[in-house]
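All values below were derived from every heavy atom in this structure, side-chain atoms included, with hydrogens, water molecules and symmetry-related copies excluded.
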Amino acid sequence: MCPVCRGALARAHYSGAVTIRLYDTSARQIRDFTPLVPGCVSIYLCGATVQAAPHIGHIRSGLNFDILRRWFAYRGYEVTFIRNVTDIDDKIIQKSAEQNRPWWSIGYENERAFNDGYTALGCLPPTYEPRATGHVTEMVEMMRGLIERGHAYDSEGNVYFDVKSFPGYLELSNQELENLQQPESAGETGKRDARDFALWKSAKPGEPSWETPWGRGRPGWHLECSAMAHKYLGTAFDIHGGGIDLIFPHHENEIAQAKAYGDEFAKYWVHNAWVTMSGEKMSKSLGNSVLVSEMVKRWRPIVLRYYLGTPHYRSMIEYSEEALREAESAFARIEGFMQRVVEKAGGAVEPAPEVPPAFAQAMDDDLGVPQALAVVHTTVRQGNSALAADDKEGAVARLAEVRAMLGVLGLDPLDPHWAGENDRGEDLHGVVDTLVSLVLQQREAARARKDWPTADAIRDQLNQSGLVIEDSPQGPRWSLGPR
């Protein structure tokens, strides 16, 4: 057993009887998950290509696999999670020329922007986050092995993979070789077959390059991931993830390289769907992207996580302001319940040791977050009923369950990660609280003299200003309402 996995079998929630099921793209069906090493899960996720700052479509993939990782951890598995950084490719070089900036400057700036986005939305850091440019040695070794085995050839300073030499090519994307149109970039000369793809691209004036036995050049995109997966996860690992747009050519070519080299490679292929705008994939090239750095200024990051992370990972998300407002309102209902119970309990309520069985059943079934979230909202309603009946014990028990479920989803507003959200604008909050309290005193005075029209008018004016007024046994209180 690998060092990372030692002790996994002793984790509280792990049981050989637990069966997590996932949709495997290669099998085109939902399969029972059986790890290569009992109690351990190894995941490779295609991460950022850092030619520009991330939009919410990019971050969705990181969020989906963060939830998958958290669920495996809850079930007691020891998770090794690799998320790479593609810091050299055609797009980065093109941006470098357009902006008259070093390629590495563009890459590093945007890598930090991606990590800021992941952190803002509550994604746990990967076990390792390798950069492509740090693994040229491994790429050279893989190319050497492929050439020796007759699966690759060098030509005019380029190195190409011979697709006809690998019988399993295109099984993931379910295409026919005769109909294949292989994407390629400028300078890919000397191919024996137009369908072959580049492992290594010969150096061009002004472009970054590295020395190899076949001359100076730079890696092809597909080779980078195969080499890094081999480096950090070995010849075989459990899950390879990424967006559905990567199935071909990227993941198809990864499989060909790795298996032709002699690796077993990934046992399961898990792909998330897109965020779309007007029915089109959110894309920088289409000019319809919504940058994470701008979105977190307009929306609370935990609300963005709720919006992006709660639909099923294989379903498309159609972006709209209205959908975000609905997510904000739904999450506000959860937060409102939690706040009321904490006030009634007079202090913190710890998460329950286990999530409700219905929540676990939904998560085990292909990461069924929408069904799991329905359990959260049902539990909130039960908790509100307990509050209405002055059942403190029942309300506290429901809050403990809600915290356990939200913790798995990375959405517990009482978690220390999100504490900063409540601290932002603390001084302004105090000023607003004082002013609102004065207005509420006027409303209470109107209620005391049974001047209901005046009391209602004050409440309505506060609501119109974006404040929600709630009457409780402890007196009226206010909160910010949905925008």
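- In this structure, Gly234 and Asp263 approach most closely via the heavy-atom pair O-OD2, 4.3 Å.
- Between Ala352 and Ala404, the shortest heavy-atom contact is O-CB, 3.5 Å.
- Salt bridge annotation for Glu207-Lys201: absent, with no cationic side-chain nitrogen under 4.0 angstrom from a carboxylate oxygen.
- In this structure, Arg314 satisfies the cation-pi test against Tyr23, with its NZ or CZ atom closer than 6.0 Å to the six-membered ring centre and inside 45 degrees of the ring normal.
- Cation-pi geometry between Arg149 and Tyr261 is met: under 6.0 angstrom from the ring centre, within 45 degrees of the axis.
- Around CD of Gln361, the count of heavy atoms belonging to other residues, nucleotides or ligands within 6.0 Å does not exceed 12.
- Within 6.0 Å of the NZ atom in Lys259, the count of heavy atoms belonging to other residues, nucleotides or ligands does not exceed 12.
- Here the rule is ring pair (Phe, Tyr, Trp, His ring centres under 6.0 Å) with Tyr74, and of Trp71, Tyr77, Phe72 only Trp71 fits it.
- Under the 4.0 Å criterion applied to side-chain N and carboxylate O atoms, Arg21 and Asp365 are assigned as salt-bridge partners.
- Residues Glu254 and Cys46 are in side-chain contact: their nearest non-hydrogen atoms beyond the backbone lie under 4.5 Å apart.
- With respect to the salt-bridge test (charged N to carboxylate O, under 4.0 angstrom), the residues Glu322 and Arg325 do not qualify.
- Ring-plane geometry between His271 and His251 is classed as tilted, the angle between the planes lying from 30 to 60 degrees on a 0 to 90 degree scale.
- Under the 4.5 Å side-chain criterion, counting only non-hydrogen atoms from C-beta, Trp269 is in contact with Ile255.
- Tyr118 carries Arg83 over the face of its six-membered ring, with the cationic atom under 6.0 Å from the centre and within 45° of the normal.
- Note on ring orientation: taking the six-membered ring where Trp is involved, the planes of His58 and His55 are parallel (angle under 30°, cut-offs 30° and 60°).
- Within a 6.0 Å radius of CZ in Arg195, more than 12 heavy atoms belonging to other residues, nucleotides or ligands are found.
- Counting heavy atoms from C-beta on, the side chains of Thr127 and Val79 never come closer than 4.5 Å.
- The two residues His240 and Ala266 come nearest to each other via the heavy atoms CB-CB, 3.6 Å.
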- Message: If you apply the rule side-chain hydrogen bond (donor to acceptor under 3.5 Å, both in side chains), what do you find for Gln175 with Ser173, and how did you get there?
- Response: CA-CA 6 Å; Gln175 299 184 74; Ser173 57; 3.1 Å; yes
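- Between Lys267 and Asp24 there is no salt bridge, since no side-chain N of the basic residue sits under 4.0 Å from a carboxylate O of the acidic one.
- A donor-acceptor contact shorter than 3.5 Å links the side chain of Arg305 to the backbone of Gly122.
- Between the OG atom in Ser42 and the CG atom in Leu233 there is a gap of 5.5 Å [rounded to 0.5 Å].
- Ion pairing of Lys95 with Asp90 is absent here, as no side-chain N (NZ or NE/NH1/NH2) approaches a carboxylate O to less than 4.0 Å.
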- Where do Phe197 and His222 land on the ring-ring contact (aromatic ring centres under 6.0 Å, His included) test, with the steps shown first? CA-CA 9 Å; Phe197 61 87; His222 317 303; 5.7 Å; yes
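- Atom CG of Leu367 sits about 8.5 Å away from atom CD1 of Ile20, to the nearest 0.5 Å.
- For the residue pair Glu318/Thr276, the side-chain donor-acceptor check at 3.5 Å is satisfied.
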- Item | Worked check of salt bridge (charged side-chain N to carboxylate O under 4.0 Å, His left out) between Arg333 and Glu328 | CA-CA 9 Å; Arg333 290 193 292 273; Glu328 184 180 49; over 6 Å; no
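- Contact between Val50 and Asp87 at its shortest, heavy atoms only, is CG2-CA, 3.8 Å.
- Taking the six-membered ring for Trp, Phe237 and Phe265 have ring centres closer than 6.0 Å.
- The shortest side-chain heavy-atom distance between Met338 and Val380 does not fall under the 4.5 Å cut-off.
- Between Asn64 and Leu308 the shortest heavy-atom distance is ND2-O, 4.1 Å.
- With a 6.0 Å radius and a threshold of 12 heavy atoms from other residues, nucleotides or ligands, Phe166 has its CZ atom above the threshold.
- Distance check, rounded to the nearest 0.5 Å: OG of Ser202 to NZ of Lys204 gives 4.5 Å.
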- Query: Does the pair Trp200 and Asp154 meet the rule for a side-chain hydrogen bond (donor to acceptor under 3.5 Å, both in side chains), with working shown?
  - Reply: CA-CA 9 Å; Trp200 192 259; Asp154 65 288; over 6 Å; no
- Message: Using side-chain hydrogen bond (donor to acceptor under 3.5 Å, both in side chains), reason through Thr19 and Asp32 one step at a time and then give a plain yes or no.
- Response: CA-CA 6 Å; Thr19 300; Asp32 290 352; 5.2 Å; no
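- When the shell of 6.0 Å around CD of Glu264 is examined, it contains 12 or fewer heavy atoms from other residues, nucleotides or ligands.
- Aromatic rings of Tyr307 and Phe331 (six-membered ring for Trp) have centroids beyond the 6.0 Å cut-off, not under it.
- Counting only heavy atoms from C-beta outward, the side chains of Met142 and Thr137 never approach each other to under 4.5 Å.
- Contact annotation: the side chain of Thr80 never approaches that of Ile43 to less than 4.5 Å [non-hydrogen atoms, C-beta and beyond].
- Atom CD1 of residue Ile317 and atom CE of residue Met282 lie 9.5 Å apart, to the nearest 0.5 angstrom.
- For the pair Glu111 and Arg131, the salt-bridge criterion is met [side-chain N within less than 4.0 Å of a carboxylate O].
- No more than 12 heavy-atom neighbours from other residues, nucleotides or ligands sit within 6.0 angstrom of NZ on Lys91.
- The number of heavy-atom neighbours closer than 6.0 Å to CD of Gln181, taken from other residues, nucleotides and ligands shown, is 12 or below.
- Taking every heavy atom of both residues into account, His312 and Asp366 meet most closely at NE2-O, 2.9 Å.
- Interatomic distance, CG of Asp89 versus CD of Gln51, reported as 6.5 Å (0.5 Å rounding).
- Within the 4.5 Å cutoff, the side chain of Glu188 has heavy atoms near those of the Lys191 side chain.
- Annotation for Lys231: atom NZ does not count as buried by contact number, only 12 or fewer foreign heavy atoms lying within 6.0 Å.
- Side-chain contact between Trp274 and Ile244: present, with at least one pair of heavy atoms (C-beta onward) separated by less than 4.5 Å.
- Below 30°, between 30° and 60°, or above 60°: for His151 and Phe161 the angle between ring planes is below 30°, a parallel geometry.
- Atom OG1 in Thr119 sits 11.0 Å away from atom CZ in Arg112 (nearest 0.5 Å).
- In this structure a side-chain-to-backbone donor-acceptor pair under 3.5 Å is missing from Ser105 to Arg101.
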- Task: I would like to know whether Tyr44 and Phe81 meet ring-ring contact (aromatic ring centres under 6.0 Å, His included); could you show each step before the answer?
- Result: CA-CA 6 Å; Tyr44 185 94; Phe81 180 59; 9.2 Å; no
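- Tyr160 and Asn158 are linked by a side-chain donor-acceptor pair at a separation below 3.5 angstrom, with hydrogens and angles left out of the test.
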- Message: Assess the residue pair Tyr169 and Asn253 against the criterion (side-chain hydrogen bond (donor to acceptor under 3.5 Å, both in side chains)); give the C-alpha distance rounded to whole Å, side-chain angles, the decisive distance to 0.1 Å, and a yes or no.
- Response: CA-CA 8 Å; Tyr169 190 58; Asn253 292 352; 2.6 Å; yes
